[in-house]
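Just so we're on the same page: letters track the sequence lines, and every chain starts at 1. As the structure is a prediction and not an experimental result, all values here were calculated from the model.
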There are 2 protein chains.
Amino acid sequence: MTASQDISRLLRERGARVTPARLRVLALLRGAERGLSHHDVEKALDDGTPVDRVTLYRVLDWLVEQGLAHKVADENRVFRFSAATADGEPHLAHAHFVCDDCGKVFCLQDTPRTPPRLPAGFASTQVEFEVHGHCAACNVPAEAAR
Amino acid sequence: MTASQDISRLLRERGARVTPARLRVLALLRGAERGLSHHDVEKALDDGTPVDRVTLYRVLDWLVEQGLAHKVADENRVFRFSAATADGEPHLAHAHFVCDDCGKVFCLQDTPRTPPRLPAGFASTQVEFEVHGHCAACNVPAEAAR
DNA sequence: CTTGCTCTTGCAATCCGGTTGCAAATACAA
DNA sequence: TTGTATTTGCAACCGGATTGCAAGAGCAAG
């Protein structure tokens, strides 16, 4: 069974209409390594039939409404969408490396999943672990300059 | 000594110009229970001499730059500002707790600093550890609702 | 297959928080 | 008091997100 058929069935099961936009967007989110912005999704889909900007916003919000995706504002105040896991929970430990030169974001695989110790009464829903610095590509010139 | 004189001295100590806008905004942030949006601050200051929209943005960003305030995008993708802890200085290596309900930012003191493992060639300059969730004050109603 | 209803899409206009360029005002050191 | 770099105010602008509405498409019924 293809991923598309899989998703198609998933949508149909909840009495929703199966449209190309929904299939393509959800498939994309499911295959993504990290949260995708509206712009990321638009770019990723523009090789085939392009999807209208507004439609894309609506599809993304619809997925969130259906519990199939999560919507989070990132540090630059743009929304990022990620596919929900089977149980509907967002993944808890999130480690990123942000290059301050080129702005690229890398996912760190070896997440040191440090359980945060919180004051009494506090509850955590998401942990962001973000390392800033210079990536391998941008770091070389800096080293040479020393 | 008044709070204003206190802040005035604080600014002067770091070689910064003391202006009414800076004094008023920082005093406001320090007295705030939760993170304030640009709009919140503007509204809170409009009884006296109104502060220009743009000036306000610039003052807020300047405070962040100086390490006197924190800036976080809330779940509705608007920035919220809160005063840094008294010493103001070291938010390089410690963790923050961001309450997704009230927007307040807490500094977590007891962070076990796990050195991040980076791919070869990568260099880190700053590590941000941000825990999202509900603070003690906001968590109570949620508990009661169960 | 065709019909008909409803949901979805596309387009244009709009909203809104935030930013930029530049000239006028002002803090503060000399 | 004066000189100068910093800060402020204004207007224009940016870009992500939203809204209104007419045209198009999914899908169940016949």
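Distance CG (Leu45(B)) to P (dG9(D)): 12 Å, rounded to an integer number of Å. In this entry the distance linking CZ of Arg53(A) with C1' of dG15(D) reads 8 Å, nearest Å. Arg58(A) has its CZ atom 13 Å from the C1' atom of dG24(D), to the nearest Å. A straight line from CD of Glu13(B) to P of dC28(C) spans 14 Å, rounded to a whole angstrom. Straight-line distance from the CZ atom of Phe79(A) to the C1' atom of dG17(C): 12 Å, rounded to whole Å. Here dC16(C) presents its P atom at 14 Å from CD of Glu42(B), a figure rounded to the nearest Å. Rounded to an integer number of Å, the gap from Arg80(B) CZ to dG17(C) P is 11 Å. Nucleotide dG16(D) holds its P atom 12 Å from the CG atom of Leu56(A), rounded to whole Å.
With hydrogens and angles disregarded, a donor-acceptor distance shorter than 3.5 Å links the side chain of His38(B) to the backbone of Arg53(B). Side-chain atoms of Asp74(B) come within 3.5 Å of backbone N or O of Val78(B) as a donor-acceptor pair.
Regarding contacts with the backbone of dG10(C), a side-chain N or O of Thr55(A) is found under 4.0 angstrom from either OP1 or OP2. At dT18(D), none of the side-chain N or O atoms of Tyr57(A) fall inside 4.0 Å of OP1 or OP2 (strictly under the cut-off). A close approach under 4.0 Å does occur between a side-chain nitrogen or oxygen of Thr19(A) and OP1 or OP2 of dT9(C).
Contacts of Asp61(A) with the nucleic acid, taken as non-hydrogen atoms under 4.0 Å apart, involve only primed sugar atoms and P, OP1 or OP2. Val78(B) comes within contact range of the sugar-phosphate backbone alone, with a heavy-atom separation under 4.0 Å but no base atom that close. Across all strands shown, His38(B) has heavy atoms under 4.0 Å from sugar-phosphate atoms exclusively, and none from any base.
If you check distances only, the side chain of Arg17(B) does reach the base of dT6(D) with a donor-acceptor pair under 3.5 Å. Judged by atom type and distance alone, Arg77(B) does not reach the base of dA17(D) through any side-chain donor-acceptor pair under 3.5 Å.
Heavy atoms only, all atoms of each residue included: Arg22(B) and Ala16(B) are closest at NH1-CB, 4.2 Å. Nearest heavy atom pair, residue Phe81(B) against residue Lys71(B), reads CE2-CG, 3.6 Å.
Put simply, Ile7(B) and Leu45(B) are part of the same group of oily side chains (I, L, V, M, F, W, Y) that touch within less than 4.5 Å, one to the next.
The side chain of Arg22(A) approaches dT8(C) more closely than any other nucleotide in the set dT7(D), dG17(C), dT8(C).
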